[in-house]
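Below: one structure, written as structure tokens.
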Amino acid sequence: ATELEVTHWWTSGGEAAAVAELAKAFDATGNTWVDGAIAGSGGTARPIIVSRIIGGDPMGAFQFNHGRQAEELIEAGLLRDMTDVAEAEGWKDIVNPPSLLDGCTVDGRIYCAPVNIHSWQWLWLSNKAFEDAGVAVPTNWDEYVAASDALREAGKLPLALGGQPWQAAGLFNVLTVALAGPDVLVKIYGDGDTEMAAGPEMERVFQAAADARDMSQGSNIQDWNQATNMVITDTAGGQVMGDWAQGEFAVAGEVAGEDYSCLPGLGVNALIDTAGDAFYFPVVDDPDITAAQDVLAATLLSPETQVAFNLKKGSLPVRGDVDLTAANDCMNKGLEILKAGNTLPSTTQLNTEDTNNQLNDLFVEFFNDPSMTPEDAQARYVDIVKSKD
Amino acid sequence: MPDVVLEPRTLVEGPSGPKPKKRLSRRNIMIYGTLIVICLYYLLPLYVMVVTSLKGMPEIRLGNIFAPPVEITFEPWVKAWAQACTGLNCEGLSRGFWNSVRITIPSVLASIVIASVNGYALANWRFKGADLFFTILIFGAFIPYQVMLYPIVILLREIGLYGTLWGLVIVHTIFGMPILTLLFRNYFTSLPEELFKAARVDGARFWGIYFRIMVPMSLPIFVVAMILQVTGIWNDFLFGVVYTKPEFYPMTVQLNNIVNSVQGVKEYNVNMAATLLTGLVPLIIYFVSGKLFVRGIAAGAVKG
Amino acid sequence: MATDRPLSLFRNMAAKIAAIPMILTAMVVFVGGTFWTITYSFTNSKLLPRANFVGFDQYERLWNSSRWLVSIENLMIYGICSLILSFVIGFLLAALLDQKIRYEDAFRTILLYPFALSFIVTGLVWQWILNPDFGIQFIVRSMGWESFAFDPLYNPKIVIFGVLIAGLWQGTGLIMVLMLAGLRGIDQEIWKASRVDGIPAWKTYVFIVIPMMRPVFITTLVIVASGIVRLYDLIVAQTGGGPGLASEVPAKYVYDYMFQGQNLGQGFAASTMMLLAVAVVIIPWAMLEFGGKKRG
Amino acid sequence: MEPSISIRDLVLRFGAITVLNGLNLDVKQGEFVVLLGSSGCGKSTLLNCIAGLLDVSEGQIFINGRNVTWEEPSDRGIGMVFQSYALYPQMTVEGNLSFGLKNARVPKAEVQERVARAAKTLQIEPLLKRKPAALSGGQRQRVAIGRALVRDVDVFLFDEPLSNLDAKLRADLRVEIKQLHQRLRNTMIYVTHDQIEAMTLADRIAIMKGGEVLQFDTPNEIYNRPASRYVAEFIGSPTMNFLEGTVDLSEAPRFAGSQATFDLDGYSFADRPAGGPAAFGIRPEHIVTGPEAAAKPIRFDTRVDLVEPLGSDTLAWVHAGDQSFWVRMDGQSAVRSGDSLPIGFDPQRANIFDMQTEARL
Amino acid sequence: MEPSISIRDLVLRFGAITVLNGLNLDVKQGEFVVLLGSSGCGKSTLLNCIAGLLDVSEGQIFINGRNVTWEEPSDRGIGMVFQSYALYPQMTVEGNLSFGLKNARVPKAEVQERVARAAKTLQIEPLLKRKPAALSGGQRQRVAIGRALVRDVDVFLFDEPLSNLDAKLRADLRVEIKQLHQRLRNTMIYVTHDQIEAMTLADRIAIMKGGEVLQFDTPNEIYNRPASRYVAEFIGSPTMNFLEGTVDLSEAPRFAGSQATFDLDGYSFADRPAGGPAAFGIRPEHIVTGPEAAAKPIRFDTRVDLVEPLGSDTLAWVHAGDQSFWVRMDGQSAVRSGDSLPIGFDPQRANIFDMQTEARL
Ligand SMILES: Nc1ncnc2c1ncn2[C@@H]1O[C@H](COP(=O)(O)OP(=O)(O)OP(=O)(O)O)[C@@H](O)[C@H]1O
Ligand SMILES: Nc1ncnc2c1ncn2[C@@H]1O[C@H](COP(=O)(O)OP(=O)(O)OP(=O)(O)O)[C@@H](O)[C@H]1O
Ligand SMILES: [Mg+2]
Ligand SMILES: [Mg+2]
């Protein structure tokens, strides 16, 4: 049996439970999963992972968001080409949507094993909070905005938003997709269309972001799951957050539709992006480890693992052929959208981390500084789009 | 007592003997009052940590962080030490404790040995260019660790120590070097130069003087260096995690994991217990050898 | 027979050999690392360092970045306040402890213990104490003063002072010890002379003793200032740079861009600016302070 | 006239150690008193008590008839000069001189005038703008004296002010201090363990030992009629020579030593001496050598062990049997080690001490 | 016999400052040489160069004919004793003594034997097991000497070994060192700025100033025939008295000063003196006072300004017109400030220096 060290940053309650499923499945193959969890976020874990790889003492496998994050490591020949495994397992046929595999593909070779689909475009609402405020649970963004005064009066925070920069940027991108439409987003991020970025559609999005800013005034929290927790405990009306929040609701024992509601695409554009996590496999000398890597890659995409993992994680499986009867209300909504093909590429696929980082900076500033006008913010937004590559 | 001729005692009036010392003089009240208030302020966080770590979560949620625990529970401590999870590992801090010990001891020793030899060479054997190197070292004290992260990864890879305990020891030695060298240099400079000369006349060479003359005279500054390094290295997170692998991850990695992996609500009591547990070793060292620390600093560390 | 002047390279051979680790560290790590950093700051390296030179692009972007400007401003505010306050508080505490008081050891230990804790721990605890929902603000309000507001960590205008509170709590103990050592090193006869001259104690401190403590102040300055420039952990633990960008600092900018943003070039450019600022101050000063004179 | 300084039953303890033990001392107006004693005998402690820098444990201190036991140092009308100068290093000489005055809110014009006067007295006018670091030791000590001078005090206290200076400078400054005293006529108390300073400066010397005053008298009296053997040995360099033996007072006073027995004609005994075991002390410079020795009532034939030519004098260490003597001769003396040398001296010049009590007979 | 130590054109610079400037010195086998000079003149620097503790900038150093310029201190066959004793505080006395021998890998038995011998010579046997902190100053210095002694070196170097001791102890140890030298007959170089030590210990004294040797001669010669005015002033306490004026050598040599003009009968001029402006120097102890003065060829009627009774002698500071003199008189002298005092002296006892070159005429 080979010990394979796997590094990831899944340490919250739902995440850890999900990882345990992966480990269980891998251990069942006779190998041993050595857990190298690093808490924090990608920001903490990534330099550690990269250092290990550059330092010539890599782990057996590691988690990245698939997309452009690993591009350079691949070009530098530090990551293994997993095309053989992919072909043997027939990933091309089973991975759905197929764009997921594109994120792993460089020059026609496949370098990673996608494990799930995470979409950002969700609005989570606390049914009880709205009940307390005496308004109906909104069914779209505009209703939600309209209800914010009532929520305030009832002593609830209308919109929970953590202080970490990526949450602010995520919220904004969700608003973009919902209010301006997916094409706008793809044009701006994908093609670097500055005219579009400066255009009236985006103006509207920035206005909406300003509304969201007002609604989120007074969230004294940092972590995303603390924000989620405010929704769970009904002290906040809602939160815009990816489907991983689902895991928190699950751990807290809440029931979708009953205790909380979810609105994909903010109830406006029922779309989801196909961001997600993928495992990469550094090049190592030890043939045992190489073999174990192959086993892990195959295991990750096996139907049983996919089901067990994604149920815990609250994300969607990467293959369309698995049976998710245990999925809850919200998850099913996601699955349907996925089935309908209403997907769009994620920002991690469209943008480099550098651009995302700049967007994070812009939006965290915007959401925390009420004196920043939507116009100013948009001007800077255009600058970032202009300089992106 | 012959020959001490006294004038007639015409003067014996007014106060005599010691000044009546009021135990509660205004000055004393001011001094002790101020000190006590300040000390309370300094103790407050520790108090909050201890108190919180002994409460259950419901009690914490009810508010007042300063209130003493109604019901003392050691649950959080047990959890922090042995049960808290990181990813799949649910062994709490205990997993990292021995790693921390394994890292700290050689790192402290190596960094002190090297820095003390540097300080000695700089103070007593001033060779050409010594000042230049020293200035660079002081400059190095100001370089943010993050900047050096990649260059050092490459360096360690090239010398084949990446990912090993010794690689980490080297990193700690490098980053401890500026301030420690400054301290040792100042201390050795303050020792009488004649001792050094006498030893040279007696035929002792570089190492002979170092080991036989300088080291035995330098206990205080070694204590200072030891305390500074133990604190620094024990509390380090970044190097421990970047330059080693999971089998060596120090306690602080677990601490980071416990504190940063929020499972639903933040378990403040466990966080505090974990924090205290992690800080225990340096804290004990301070409480035990604080006196020597001050003496060591006074013994020359500050003479520039 | 040692008649001729030996090659100067071989004089003090043992000392030079013993200093090799230091020389290597200085030259390879600090100088080498610095040059490496500077070199790559002119490239557009992303995740991995690559020699793809782009001139001053990174610097242009750096100085156009509002986050960088905020970071610098914060570091300035924090640095100046922290320097002044830690010296003032450290000195005052030392002066208090120098009054031949009882239980000096206990007081000293209490003032010094925070230094044993890491910035991470410090940041956590103070984040908690300063949390308006259950920290000091909450306590004061629940005691009846409803309008009391003290939420430095959630107010962008004063968040940096919230960090300062924690930073000072952690660091002043060491400064106090250094100052105390300095005070103890002052010739007792100076005190006697000033008492005979009828000079009040505070004046003696201000006009006579403090100016005499120059060497202590210098060592302290190196320690405090290097800590300020590297300020990172505390921010991360306490505010994460927030709210918004209100408590960003340069070291965090460097780190975030290098690792989070995967834009090494940008991180290196920011580092280079930091190093440049430090070098401009340090090198002439160190030359004066450590060069020239023979011993101490 | 009331004494300038009067110390009554002064006791000073540091914790359990009693450093001064019921000390009494009266210093007259304008007198120059030197406290002389070996290291650790309590000289500085006494001075600090007078200055008010140490709180006394028991007893009283009067300055000009005023009980100052509890007064602040600055209110006692004293100025003090320290061994390490204790100049304020970052102030100019002028600043050093005027700091105390400014602090006492003396008007500016007067400060200037007083500083100018003190600077003139001490001839440090050209130095006024310099910092102490730029001064030589002697100049520093002059400034330190100036600091006491400007304050127009009644009493000057000096704690080994010249110990940190080299011999030549010490001699020069000694003269300056003496002249200063002659001009100012202030009361001065001066601590030293240098006998030359004590002898040349003092109107009266207080010889201290173990926190007590052994003898308080003029230099001449102390030199020529030391009250005890300790004082006799302490004063004079080379030290007094002693012959041990027995004094017989029954008839004509006689001294019987191991080497010789002789009459004590002309020796002025103290009041009621007892006979018995005693030490006969004679100073090296009271011994004559060579042909002159023959004329003296007491004579020894000695052999020279060691010669120390000082230029101005020559010292010789000689012995007769197991009795050794230091002898002082002329600087031109050609005596050499190994020579035989007749020596002689007068009992008049001697001091005889009881072997038990050590007191002068 | 070749010189024990020979220094050739020694130059030593600290950066831009030249401390020793082309110094030459030859020390004979077994000679006791004292380096004397004011503070900062380079005495310690020279000693450190000889010991090899400083790297010379130029020139050469020979010890027993061997060029040791670049040898390690321990290979030069020297032992050194420092002012601050420089004992290794953490070792016992025995450890201190044997440290050098152990470094040289001397066999254990021999180490013990040599330590025992040195301890016996210096009478520190009972102290062998103690640490330096438990010793008095004098004992420490003895151990420090012992450390040089055990190493059986040819040359002893002393850097102000007695400066930290009090007067009494200093005098005692001075004698011990002298006796040690008489017994061992090693070459010794001894730095001091105490003239008494220099005069009593030295076979020859090198007077240094500004990194140069001004005069290198026996104490007697230096005292009585100083080569320059600087040396004359430097040696002797109180310092030599000077009359300024002109020397006329045209006929019988005459000196014309502001107060008096007199013949220089019996003055032994140097080789080929020139006349001209000159300073006539006479030592205080060569001046006679009172009735005896009348018999002297040169006489002044003076008034006494200051009297310093030293016990053994009395010094007086007197003046005639604007010419002042220090005069040394008997310890019993009753002269007082303000008295008039006739003084007189011999030109034979004088030293006359050129005003420009300062050299002795
Ligand atoms: N603060 C103190 N605490 C305890 N003992 C002290 C203190 N100051 C002085 N002593 C002791 O008191 C005694 C007298 O000290 P003092 O300084 O008066 O001596 P001194 O005659 O001035 O000696 P010296 O000539 O060396 O200056 C010494 O034995 C010393 O150890
Ligand atoms: N390391 C040094 N760097 C620069 N100058 C020095 C150094 N050591 C000594 N000097 C200078 O060299 C000169 C001679 O110093 P040295 O110590 O030899 O004097 P000294 O005659 O021994 O004086 P003292 O009697 O005070 O001991 C002094 O002016 C001193 O300032
Ligand atoms: Mg004293
Ligand atoms: Mg010297």
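Because only heavy atoms are used, hydrogens play no part in the values below, and waters and symmetry mates are left out as well, while side chains stay in. If you're wondering where the values come from, they're calculated on a predicted model, not measured in any experiment. Each chain gets a letter, A, B and so on, in the order the sequences are listed, and its residues count up from 1.
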*Check whether D/N48 gets within reach of chain C through its side chain, its backbone, both or neither, counting any heavy atom under 4.5 Å.*
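For D/N48, the side chain is the part near chain C, not the backbone.
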*asked:* Report which part of D/L87 has an atom under 4.5 Å of a heavy atom belonging to chain C: side chain, backbone, both, or neither.
replied: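 When you check distances to chain C, only backbone atoms of D/L87 fall under 4.5 Å.
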*Selection from D/A104, D/A51, D/G100 maximising heavy-atom pairs under 4.5 Å formed with chain C*: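 That would be D/G100.
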*Which of the residues D/K102, D/E72, D/R147 is involved in the greatest number of heavy-atom pairs with chain C at under 4.5 angstrom?*
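Going by pairs under 4.5 Å, I would pick D/R147.
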*Kindly check if the number of other-residue, nucleotide or ligand heavy atoms within 6.0 Å of CZ (D/R183) is above 12?*
yes
*May I ask you to check whether over 12 heavy atoms, not counting those of C/Q99, lie within 6.0 Å of atom CD?*
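Result for CD/C/Q99: enclosed.
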Is it true that a side-chain atom of [X] and a backbone atom of [Y] form a donor plus acceptor pair closer than 3.5 Å?
X      : Y      : answer
C/E189 : D/S84  : yes
D/N103 : C/D197 : no
D/R151 : C/V196 : yes

*Mind checking the CG-NZ spacing from D/L47 to C/K192? Nearest 0.5 Å is all I need.*
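Nearest 0.5 Å value for the CG-NZ distance: 9.0 Å.
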_D/S74 versus C/G198, closest heavy-atom pair with distance_ = CB-CA, 3.1 Å
*Would a 4.5 Å heavy-atom cut-off, applied to side chains only, mark C/I208 and D/F99 as touching?*
yes
*Is chain D contacted by the side chain of C/S194, its backbone, both, or neither, given a heavy-atom distance below 4.5 Å?*
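The answer is both parts of C/S194.
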